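Report on one structure; see the data block that follows.
Just so it is clear, the values below take in all heavy atoms, side chains as well, and ignore hydrogens, waters and symmetry mates. Here is the naming used below: chain letters follow the sequence lines, and residue numbers restart at 1 for every chain. Predicted, not measured: the structure shown is a model, and the values here were computed from it.
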Number of protein chains: 2
Amino acid sequence: MVMRDVQPGQRNEAGIAAVKAELAAALGAKFQTGQSFREQHAHTTTYLPSQLPDAVVFAETVEDVKAVVKACAAHKVPVIPFGAGSSLEGQLNAPSGGISLDMTRMEKVLRVSAEDLDVTVEPGVTREALNTYLRDTGLFFPIDPGANASIGGMTSTRASGTNAVRYGTMKDNVLSLTVVTANGEEISTGTRARKSSAGYDLTRLFVGAEGTLGVITSITLKLQGIPEKIGGGVCGFPTVKAACDAVIMTIQMGIPVARIELLDAMQIKACNAYSGLTLKEQPTLFLEFHGTEETVPLQSEQFSMIAQECGGEEFHWTANAEERAALWKARHNAYWAGRALAPSLNGFSTDVCVPISKLADCVAETQADIEQNGLLAPIVGHAGDGNFHVLLLFNDKDPADIERVEGFVQRLNRRAIAMGGTCTGEHGIGQGKMSFLEEEAGPALALMRTIKQSLDPDNIFNPGKILRPAR
Amino acid sequence: MVMRDVQPGQRNEAGIAAVKAELAAALGAKFQTGQSFREQHAHTTTYLPSQLPDAVVFAETVEDVKAVVKACAAHKVPVIPFGAGSSLEGQLNAPSGGISLDMTRMEKVLRVSAEDLDVTVEPGVTREALNTYLRDTGLFFPIDPGANASIGGMTSTRASGTNAVRYGTMKDNVLSLTVVTANGEEISTGTRARKSSAGYDLTRLFVGAEGTLGVITSITLKLQGIPEKIGGGVCGFPTVKAACDAVIMTIQMGIPVARIELLDAMQIKACNAYSGLTLKEQPTLFLEFHGTEETVPLQSEQFSMIAQECGGEEFHWTANAEERAALWKARHNAYWAGRALAPSLNGFSTDVCVPISKLADCVAETQADIEQNGLLAPIVGHAGDGNFHVLLLFNDKDPADIERVEGFVQRLNRRAIAMGGTCTGEHGIGQGKMSFLEEEAGPALALMRTIKQSLDPDNIFNPGKILRPAR
């Protein structure tokens with residue numbers, strides 16, 4: 001079902017040869033064609049087979065980016081921007097070959113303003129590096145997709161993660177961008193003003209475009225003050241429904257919860273084994289509250305009352321930094337914990353997002369589907385957003401197993417779309433979800449095609465992603 | 001300077017005649033060509049001269065909208081969507097004639113979900129009507145641009161207002177839209193999921209497009225729970241700088257202030273006279289806090305300490321609903337209070353937005369400019385966003401006065417842009433700010449043109465707005 005979209009595209013052999021020759025001459029050691037470089041840059045944290053680029057350029061400056069885009073535009077050769085390589089839907093594959101444009105050496109923090117709570121970074125800065133840099137300012141950048149992704153990649157996939165419920169997604173946290181567009185020139189999509197009504201929202205057009213409309217060369221981000229106090233804890237529930245009811249009431253009452261994560265019984269089992277937790281194997285919420293000495297206890301008590309009303313266990317919270325760190329380390333290692341349930345199998349993580357009122361139904365139906373089809377697939381969710389992940393453990397050498405998994409993924413996506421949701425809350429479309437985007441967007445897909453065609457008429461930017469070639 | 005952009009455009013007389021005949025036959029009394037209808041629909045709260053449409057259609061259904069767009073597309077005739085008529089930069093003028101598409105009769109609330117905190121409305125629903133409708137749900141829609149604007153119009157100008165500092169702008173509060181595009185068909189730009197990484201962000205493309213890319217036919221909005229407790233008050237400062245310092249510290253400390261509005265001494269004088277306040281004529285902040293019985297007093301005390309540290313007067317806050325209502329009524333009447341300073345003069349309100357660290361400098365330089373040029377122009381600002389308004393009082397029959405005002409507006413916009421800000425925080429571009437958008441966007445303007453041309457190849461949607469005809 002989804003594998004069929006990982007087909008080789010048409011290759012422009014003459015153009016590729018010309019670009020390789022030009023860039024080799026112009027960029028010296030920043031240009032690499034070795035097999036290991038090429039393999040590394042098509043490696044994706046996914047079940048999709050790799051499709052290697054023809055060469056890798058390690059850009060160090062905006063001028064390098066312009067040179068690559070101009071050469072590729074002149075010869076109609078693909079350019080695939082590369083951040084940390086942690087995307088999940090085949091965003092970095094090169095179905096028609098071309099140049100992988102590695103941004104990891106563009107890793108400078110260009111400016112920071114503590115007064116304005118904003119920062120401008122090059123795209124290769126990772127979220128962990130940024131927060132290390134910011135440590136002395138009392139500020140932090142909240143978006144946390146789990147992986148130590150690059151800010152450029154996070155921008156391009158409209159990433160979010162555990163604390164989007166409080167701080168929003170990349171859509172909400174990017175103030176402006178600079179982008180090298182198809183003519184090889186750099187534009188600025190906005191200003192540092194907190195809001196603007198000045199023309200079309202170009203910033204939001206590039207956020208989530210997965211590198212298909214241009215190459216991001218810098219990102220200006222909103223920052224947050226480090227909370228005076230952080231508290232958190234876990235709370236078990238008899239059913240997914242009960243846990244989701246508690247989430248809905250928490251959001252409805254406006255408790256500004258910073259994290260509210262759902263782990264199903266299978267995922268708790270996996271975390272207990274992998275991270276040495278001793279939690280009861282039942283649907284469980286992991287919570288975090290950000291605030292002051294006064295507000296964090298208040299928020300925790302409010303949640304505690306809600307949990308009890310919904311049939312949850314008693315909620316114990318702690319401000320102890322070590323205990324909290326252990327908890328969130330276990331949450332962040334949920335993927336590896338899941339994989340460890342069946343070390344001989346491959347795994348891939350897929351996500352959908354539904355209106356929060358549908359979360360319990362969607363998770364319950366998905367669990368029933370998993371059981372009916374004999375799949376092994378723990379679930380974790382950013383419950384406050386209605387977003388959840390299923391980690392499918394399967395034998396990727398067994399066609400029958402692949403078929404079973406792909407059937408499940410199709411049903412999962414259609415279930416979410418039918419419930420008024422989306423086929424991906426944070427992983428993006430890449431190659432793996434192009435068919436589901438078609439189902440979700442319907443006639444709006446034509447508009448996306450028009451935009452792609454008008455901003456990238458020669459289809460050089462990350463071709464074969466988001467939009468399937470028109471049939 | 002800005003007046004020069006209010007030129008008549010080319011008129012397609014044959015097309016206009018054909019569209020009029022077709023729509024008169026198809027729509028009956030929903031189609032009107034009377035002078036008073038036409039005048040009313042080109043009337044803008046602005047200094048710009050009116051440019052009348054050739055006819056007005058009062059759409060009652062999506063089918064009516066499709067019929068108008070299809071007829072206008074077939075004959076290449078302008079369609080100008082009309083909401084409440086409260087836009088400020090000539091967004092509703094018809095420089096090339098055409099059809100004003102009045103959406104006020106599409107005023108149904110289509111659905112509401114208390115569990116998901118969202119609602120879907122037709123574009124003619126006003127923000128006050130929406131909040132009246134929601135009263136029994138415990139929810140409210142926070143965006144408050146002052147005027148009782150329509151939700152469709154607010155979406156199209158990316159509106160915000162006094163409490164954007166807490167709740168964001170329309171950009172942040174629209175979940176998805178339905179839009180009739182240039183082929184006369186309706187698309188949906190997204191789902192009700194709280195977040196999505198599924199393809200290009202079409203929703204944000206239409207938010208703020210001022211009707212130049214399509215006609216919005218429904219809007220799905222996020223809602224907020226009505227706060228358990230609301231408190232607020234006023235605080236005077238010796239200088240604009242001192243007031244702005246207090247704002248910056250408030251934001252930096254993460255105090256979730258719901259409103260933090262700056263009024264300069266001239267505006268306080270105007271409000272005292274008009275609304276019967278007795279405030280000292282000095283730079284003053286109006287504040288509001290939303291929270292619980294416990295958090296509102298905490299927030300107010302934290303602000304009080306900050307204000308004193310910055311040289312402000314003692315801050316008295318109140319949760320008394322009548323006192324608060326009187327205060328915010330005075331704030332909302334700031335425009336009329338300003339106008340009453342010189343009843344014989346015309347007035348127009350212009351806005352810019354700068355990074356908050358530049359707000360004090362920008363306001364101070366602007367006050368000096370006002371004084372040097374002998375202008376009468378009170379200032380109010382959404383200080384937490386770095387956004388402020390200048391109400392210019394002038395004789396619009398006196399060419400010298402117009403020239404003086406236009407020179408001032410040019411300097412104001414260039415000052416904001418030079419400080420890293422934008423030529424409009426919330427009023428939009430319309431006709432009045434097209435030249436400043438060119439200065440602000442630079443090479444990004446070409447991208448906006450490309451988008452406009454690809455989505456509206458015959459330039460039927462609100463032509464002559466946002467983008468000047470290429471020269």
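Note on Ala441(A), Gly190(A), Ser196(A): by heavy-atom pairs under 4.5 Å with chain B, the leading option is Ser196(A). Of all the listed residues (Ile466(A), Val207(A), Leu298(A)), the one sharing the greatest number of non-hydrogen pairs under 4.5 Å with chain B is Leu298(A). Top candidate by heavy-atom pairs under 4.5 Å with chain A, chosen from Ala209(B), Ser454(B), Gly254(B), is Ser454(B). Contacts with chain B were tallied for Gly420(A), Gly225(A), Pro355(A), Gly442(A); Pro355(A) has the most, counting heavy-atom pairs under 4.5 Å. When each of Gln453(B), Glu210(B), Gln224(B), Lys452(B) is scored by its heavy-atom pairs under 4.5 Å with chain A, the top score falls to Lys452(B). Your options are Ala164(B), Cys353(B), Pro443(B), and the one with the most heavy-atom pairs under 4.5 Å with chain A is Cys353(B). Taking chain A as the reference chain and counting heavy-atom pairs below 4.5 Å, the highest number among Asn387(B), Leu175(B), Asp172(B) is found for Asn387(B). Contact count against chain B (heavy-atom pairs under 4.5 Å) is highest for Leu213(A) among Leu213(A), Thr189(A), Val354(A), Thr169(A). Between chain A and the residues Ala159(B), Gly168(B), Ser357(B), the largest count of heavy-atom pairs under 4.5 Å involves Ser357(B). Of the residues considered (Asp118(B), Thr292(B), Thr212(B)), Thr212(B) shows the highest number of contacts with chain A, using heavy-atom pairs under 4.5 Å. Between chain B and the options Lys171(A), Met170(A), Arg204(A), heavy-atom pairs under 4.5 Å are most frequent for Arg204(A).
A pairwise comparison of heavy atoms in Ser188(A) and Ala444(B) identifies O-CB, 3.3 Å as the closest pair.
For Ile248(A), the part lying under 4.5 angstrom from a heavy atom of chain B is the side chain only. In this structure, chain B has a heavy atom under 4.5 Å from the side chain of Leu467(A), while its backbone stays farther away. With a threshold of 4.5 angstrom between heavy atoms, Lys465(B) does not approach chain A through any atom at all.
Residue-environment remark: NZ (Lys241(B)) stays at or below the threshold of 12 foreign heavy atoms within 6.0 Å.
The backbone N or O of Ala114(A) lies less than 3.5 Å from a partner atom in the side chain of Gln252(B), making a donor-acceptor pair. Ser197(A) places a side-chain N or O within donor-acceptor distance of the main-chain N or O of Thr157(B), the cut-off being under 3.5 Å.
The side-chain heavy atoms of Ile451(B) and Leu202(A), taken from C-beta on, include a pair separated by under 4.5 Å. No side-chain heavy atom of Leu447(B) sits under 4.5 Å from any side-chain heavy atom of Leu205(A).
Applying a 4.5 Å heavy-atom cutoff, the residues of residues 421-430 of chain B that approach chain A are Gly421(B), Thr422(B), Cys423(B), Thr424(B), Gly425(B), Glu426(B), His427(B), Gly428(B), Ile429(B). Of all residues spanning residues 180-187 of chain A, those with a heavy atom less than 4.5 Å away from chain B's heavy atoms are Thr181(A), Glu186(A), Ile187(A), arranged by number.
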For side-chain contact (heavy atoms from CB on, under 4.5 Å), just list the numbers for Ile356(B) and Arg194(A), CA-CA rounded to whole Å, side-chain angles, deciding distance to a tenth of an Å, and then say yes or no. CA-CA 8 Å; Ile356(B) 194 173; Arg194(A) 282 272 145 168; 5.8 Å; no

Go through the steps for Asp201(A) and Arg158(B) under the test side-chain contact (heavy atoms from CB on, under 4.5 Å), then give the verdict. CA-CA 10 Å; Asp201(A) 190 343; Arg158(B) 206 179 291 128; 3.6 Å; yes

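A distance of 9.0 Å separates CD of Glu294(B) from CD of Glu301(A), quoted to the nearest 0.5 Å. We find the CG-NZ distance between Asp116(A) and Lys358(B) to be 8.0 Å, quoted to the nearest 0.5 Å. To the nearest 0.5 Å, atoms CD1 (Ile251(A)) and CD (Glu115(B)) are separated by 12.5 Å. Between the CE atom of Met419(A) and the CZ atom of Arg192(B) there is a distance of 12.0 Å, given to the nearest 0.5 Å.
Salt-bridge formation is detected for the pair Lys195(B)/Asp385(A): a Lys NZ or Arg NE/NH1/NH2 atom is positioned less than 4.0 Å from an Asp or Glu carboxylate oxygen.
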